[in-house]
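Structure record follows, encoded as structure tokens.
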Number of protein chains: 2
Amino acid sequence: MDLDQVTAFLEVARKKSFSRAAEKLYRTQPAISAQIRALEIECGQKLFDRMGRKIFLTPAGKVLFECGENLLSLHRETLQRVREANGAAGGTLVIGANEATCLYVLPQVFAEFKRNYPQVAISIYRNFSQKILLKMAESQIDVGIVTLPVAQSNLKVIPIFEDELQVVVPAGHRLAKRASVKMEDLVEEQLIFPKGGHTRELLEKIFRKQRSRLQISMELASVESIKKFVGAGLGISLISRSYAEAETKANILKLIPLQGPKLVRRLGLVYRTDRHLSRAAQAFTEIVHSRNSKASS
Amino acid sequence: MDLDQVTAFLEVARKKSFSRAAEKLYRTQPAISAQIRALEIECGQKLFDRMGRKIFLTPAGKVLFECGENLLSLHRETLQRVREANGAAGGTLVIGANEATCLYVLPQVFAEFKRNYPQVAISIYRNFSQKILLKMAESQIDVGIVTLPVAQSNLKVIPIFEDELQVVVPAGHRLAKRASVKMEDLVEEQLIFPKGGHTRELLEKIFRKQRSRLQISMELASVESIKKFVGAGLGISLISRSYAEAETKANILKLIPLQGPKLVRRLGLVYRTDRHLSRAAQAFTEIVHSRNSKASS
DNA sequence: CTAATGGATAAATATTACTTATTCAATCCA
DNA sequence: TGGATTGAATAAGTAATATTTATCCATTAG
């Protein structure tokens with residue numbers, strides 16, 4: 001049982017396809033087939049049921065799926081520990097973060113990080129919190145920054161940031177002078193909303209509670225484009241205060257609090273407690289943490 | 001970092017020699033050198049200090065030495081779990097046991113074991129308790145049967161057997177009629193003693209306490225040969241009661257208790273709590289355990 | 001000072017893994 | 001239903017990797 005074979009096996013099991021796994025691993029399908037076959041021979045039993053063109057894990061396959069991940073993790077950890085034995089942090093630090101964090105948090109953090117750890121390569125997996133937690137479970141990410149709350153027993157969570165969702169309108173908008181707005185005020189407006197993700201879910205929930213039917217005129221995937229669109233007078237939206245700092249200062253956009261209880265969005269740093277944290281990852285969490293304590297004090 | 005490379009590395013570290021490790025792994029020395037070199041390149045640092053013809057682990061090497069064992073263990077465990085996923089026990093069960101256990105305990109245990117698990121191959125590492133615990137620490141043994149007490153935090157200990165050391169003399173010996181003998185009686189005799197091992201240590205200690213100088217006329221490595229020699233009138237010895245059952249029944253040897261506190265020798269089953277116990281190993285311990293409960297009731 | 005030991009190196013060879021080309025079966029869709 | 005397509009297995013050729021053989025060099029033991 002080679003680590004390469006286990007890697008191939010896990011990828012096949014995840015993708016539920018020999019061909020897809022082959023692509024991901026930059027080899028051809030027969031190569032993957034051969035590796036799986038070798039594994040099956042060594043284990044004395046089939047790992048996949050080939051039902052026509054669909055494949056399923058056998059009981060033995062399920063066992064290997066669980067154990068295999070641990071094995072590869074321990075392998076990575078071992079390599080890391082040895083490499084860092086001289087005291088230096090090195091290797092690659094893989095961070096998972098959502099779009100907003102990438103734009104408004106990570107640049108400053110990495111500025112400080114790179115100053116102290118220039119040797120460390122950084123890889124960022126940008127996606128919704130949910131996806132990040134998924135990659136985390138597969139041990140493909142060292143540290144994640146996600147929307148709270150998360151409830152997983154094997155994750156350490158450090159709250160780092162919290163922000164209020166406010167209505168954002170273009171500078172000359174009819175609501176721009178208001179000190180606050182009600183939900184009802186929004187119904188008549190062209191609404192531009194994020195597409196997918198935690199914030200979107202939150203907004204859906206609120207509108208359902210208010211019994212207002214959410215009348216969305218546009219859906220956009222990024223905060224930046226939402227701001228641009230709002231700025232161009234195409235509609236209004238709800239975003240985290242801090243994401244529009246520059247535009248409010250420049251008097252392009254206006255932020256207005258919603259009446260009623262604040263809509264708070266909390267971000268937190270997460271990492272697995274059942275995995276070794278590389279020196280680089282430790283350093284990263286410390287920087288984020290220290291910036292956070294400074295900010296909140 | 002290949003598992004093969006790690007295996008080679010660990011062997012070199014244990015043997016403190018590339019050549020010896022090569023022999024053990026059935027390859028040539030340059031092959032081992034190449035594997036270590038590849039590891040060193042991948043880790044970005046030397047794993048061994050080559051000081052002339054002696055080699056030492058570098059700090060990084062020490063790290064790999066610790067982590068590597070865990071990695072290989074997890075690898076073995078993974079393979080085992082998958083192989084046993086169908087519910088059947090298989091593979092090889094490696095037992096560590098001292099000579100006496102091999103002769104007087106294991107045959108009966110394995111008779112029962114093989115009846116229920118004919119598929120399992122059995123490998124026995126026969127040596128003194130101390131060596132067995134060493135191999136155990138290297139994860140090269142599944143279950144051990146050793147002289148108690150053992151005090152190691154990661155070992156589960158199940159007492160299975162206890163026996164009294166008694167004086168053994170040939171049937172026609174001048175002490176043969178005695179109901180018991182004193183230490184002093186032994187001084188005038190030709191003493192045949194085991195060579196090395198726990199029992200020997202125990203006897204040494206006792207004699208030191210009694211301030212008698214141990215006057216050994218012969219040292220033998222096995223219980224069987226001690227009995228033969230005693231039977232042939234070459235001297236007398238001290239052995240566990242149960243090891244001479246056949247000979248006392250056949251009236252070849254005579255066992256006589258020592259005066260004073262009994263010299264008890266306790267055996268126990270041990271296995272590591274921080275390692276996965278194969279189905280076969282579980283079955284083995286259960287058989288030993290059940291035989292023990294029956295015997296003591 | 002010589003012989004022997006132990007590891008490094010180089011070239012040749014064996015082994016293993018991978019790719020390309022192809023086949024076969026299952027599923028999709030018209 | 002019947003091509004068309006997808007996905008995995010197989011076979012043969014090729015590339016990559018590991019291992020051996022042969023040799024060298026440094027250290028150490030006698």
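Please read these numbers as outputs of a predicted model, since none were measured by experiment. Any value given below was found using the heavy atoms of this structure, including those in side chains, with hydrogens, waters and symmetry copies removed. Naming: A, B, ... by sequence-line order, numbering from 1 per chain.
As rounded to whole Å, 18 Å separates atom P of C:dT15 from atom OH of B:Tyr26. B:Glu40 places its CD atom 11 Å from the P atom of C:dT9, with the value rounded to the nearest Å. A straight line from CD of A:Glu23 to C1' of C:dT19 spans 15 Å, rounded to a whole angstrom. Taking atom CG of A:Leu25 as the reference point, atom P of C:dA17 lies 15 Å away to the nearest angstrom. Across the protein-nucleic acid pair, B:Met51 atom CE and C:dG6 atom C1' stand 16 Å apart, rounded to whole Å. Rounded to whole Å, atom C1' of C:dT27 lies 18 Å from atom CZ of A:Arg50. For the pair B:Leu39 CG and C:dA8 P, the interatomic distance rounds to 13 Å; values are reported in whole Å. Atom pair A:Ile41:CD1 and C:dT16:P shows a separation of 13 Å (rounding to whole Å applied).
Comparing A:Arg53 and A:Arg27 along DNA chain C, the residue whose closest nucleotide (by nearest heavy atom) sits nearer the 5' end is A:Arg27. When each of A:Gln29 and B:Gln29 is assigned the nucleotide of DNA chain D bearing its nearest heavy atom, the one mapping closer to the 5' terminus is A:Gln29. Between A:Ile32 and B:Gly52, the residue anchored nearer the 5' end of DNA chain C, judged by the nucleotide with its closest heavy atom, is B:Gly52.
Inspection of the B:Thr92 and B:Ser123 side chains reveals no N or O donor paired with an N or O acceptor under 3.5 Å.
Within 4.0 Å (heavy atoms only), B:Ser19 reaches sugar-phosphate atoms of the nucleic acid but no base atom.
Ionic pairing of B:Arg50 and B:Glu40 is present here: one or more N-O contacts between side-chain nitrogen and carboxylate oxygen are shorter than 4.0 angstrom. A salt bridge links B:Glu69 with B:Arg14: the distance from a Lys NZ or Arg NE/NH1/NH2 to an Asp or Glu carboxylate oxygen falls below 4.0 Å.
Contact between the side-chain N/O atoms of B:Ser17 and the OP1/OP2 oxygens of C:dG7 is found at a separation under 4.0 Å. Distances shorter than 4.0 Å separate none of the side-chain N or O atoms of B:Ser33 from OP1 or OP2 on C:dG7. Phosphate contact (OP1/OP2 of C:dG6, side-chain N/O of B:Arg20, threshold under 4.0 Å): present.
Once you apply a 4.0 Å limit to the heavy atoms of chain A, the touched nucleotides of DNA chain D run 5' to 3' over D:dT6 to D:dT10.
Between A:Phe9 and A:Phe48, the angle of the ring planes lies from 30° to 60°, which puts this pair in the tilted group.
For the pair A:Tyr271 and A:Met136, the tightest heavy-atom approach, listed with the atom from each and the gap, is CA-CE, 3.2 Å.
In this structure, the side chains of B:His75 and A:Leu71 come closer than 4.5 Å at one or more pairs of heavy atoms.
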Between B:Gln29 and B:Ser33, is a side chain to side chain donor-acceptor pair (under 3.5 Å) present by the stated rule, with each step listed? CA-CA 6 Å; B:Gln29 167 262 313; B:Ser33 287; 3.0 Å; yes

